[in-house]
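Before any comments, here is the structure.
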Amino acid sequence: MTTTATRYDRRMYAIMNRRDMQALGRTAARRRALVAVHIALTAASVALWLGSVHPRGPLWMPLVLLALVVPWCVAMGAINGATRGLLELRGRMLDERQLHERDRVRSLAHRIGLGLLFAGTAGTGLAMWLGGFRFGGGALFPALFALLVTQWMLPAWVACLRVQDDIPDEVLDTADDYTERQAEYPGQE
């Protein structure tokens, strides 16, 4: 395994740490809104794709799906910017703290996905047992596809929601000024 950063690694690091993209996810409220928008775009894309692959699906669905690609990509890029590429960068580009956080995010996303799968399975089983519902084989593929997409996107959503707010620049400037004053005049408060 190579431990030195390649040109690709350095380029991806620069892209993921651009300040203009980080502004979109600077506060917790913005990150929650960003994740909500991305979830809505993902759900709409999945529904449109499933409708467009149906043999009798309307012809407008693929066109609307193509129109959703750009906003979905922008939202995904903003999530990656908010997390500073936590899930996109190779391990050699992350420090120990980031590697630990990436493991925690993946573990939490796995537990959430497992809970969703359990709830869906239990709900389906109860509906069949108590309500007498019967699900045809036609519902299996859309359910599995939606589960696949959810499992794929869940770590990014969890990572974005777990990001801590940046310290405002004014606070940093004040802290730096205080540290400089302490260095110049030790022992004085």
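Just so it is clear, the values below take in all heavy atoms, side chains as well, and ignore hydrogens, waters and symmetry mates. Computed from a predicted model, the values in this text were never measured in an experiment.
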Report task. For R11, check side chain to side chain donor-acceptor pair (under 3.5 Å) against everything at least two apart and list the hits. Result -> none
Query raised in the report: If every non-hydrogen atom of N80 is compared with every non-hydrogen atom of T83, which pair is closest and at what distance?
Result: O-OG1, 3.2 Å
Query - Flag, side chain of Q98 to backbone of D95, donor-acceptor distance under 3.5 Å - result: yes
Query raised in the report: Side chain of R31, backbone of G25: donor and acceptor closer than 3.5 Å?
Result: yes
Query raised in the report: Tracing side-chain links under 4.5 Å among I, L, V, M, F, W and Y, which residues wind up in one group with L63?
Result: none
Query - Closest non-hydrogen atom pair, L154 against A109 - result: CD2-O, 3.3 Å
Query raised in the report: Just checking, is any N or O donor in the side chain of W72 or T42 under 3.5 Å from an acceptor N or O on the other one?
Result: yes
Query raised in the report: Going through the distances and angles, do H100 and D103 end up as a side-chain contact (heavy atoms from CB on, under 4.5 Å)?
Result: CA-CA 5 Å; H100 179 70; D103 289 343; 5.5 Å; no
Requested in this report: Say whether I112 and I79 are linked into one hydrophobic cluster, either directly or through other cluster members, by side-chain heavy-atom distances under 4.5 angstrom.
Outcome: yes
Query - For E88, all residues meeting salt bridge (Lys or Arg N to Asp or Glu O under 4.0 Å), sequence neighbours excluded - result: none
Report task. Report yes if some heavy atom in the side chain of T6 is under 4.5 Å from a heavy atom in the side chain of R92; otherwise report no. Result -> yes
**Report entry** Residue pairs, two or more places apart or on separate chains, that pass side chain to side chain donor-acceptor pair (under 3.5 Å) and touch residues 137-149
**Finding:** none
Query - Connected-component partners of L114 among ILVMFWY, side-chain separation under 4.5 Å - result: none
**Report entry** Test salt bridge (Lys or Arg N to Asp or Glu O under 4.0 Å) applied to R32 - qualifying residues, sequence neighbours left out
**Finding:** none
**Report entry** Residue list, side chain to side chain donor-acceptor pair (under 3.5 Å) with R106, at least two apart or on another chain
**Finding:** none
Query raised in the report: Should L116 and V46 be counted in the same cluster of Ile, Leu, Val, Met, Phe, Trp and Tyr side chains packed under 4.5 Å apart?
Result: yes
Query - Under the side chain to side chain donor-acceptor pair (under 3.5 Å) test, residues paired with R90 that sit two or more places apart - result: D9
Query raised in the report: Taking only residues two or more places apart in sequence or in another chain, which ones pass side chain to side chain donor-acceptor pair (under 3.5 Å) with T124?
Result: none
Pairs of donor and acceptor atoms involving the side chains of residues 155-163, under 3.5 Å and at least two apart or interchain, shall be tabulated with distances.
residue, atom, partner, partner atom, Å
W157, NE1, H38, ND1, 2.8
R162, NE, E101, OE2, 2.9
R162, NH2, E101, OE1, 3.3
R162, NH2, E101, OE2, 3.4

Report summary line: Excluding L117, membership of its hydrophobic cluster (Ile, Leu, Val, Met, Phe, Trp, Tyr; side-chain heavy atoms within less than 4.5 Å) reads L147
Report summary line: Students should find that the hydrophobic cluster of L59, defined by side-chain heavy atoms under 4.5 Å apart, otherwise consists of none
Report summary line: Taking every heavy atom of L94 against every heavy atom of L86, the minimum-distance pair comes out as CD1-O, 3.7 Å
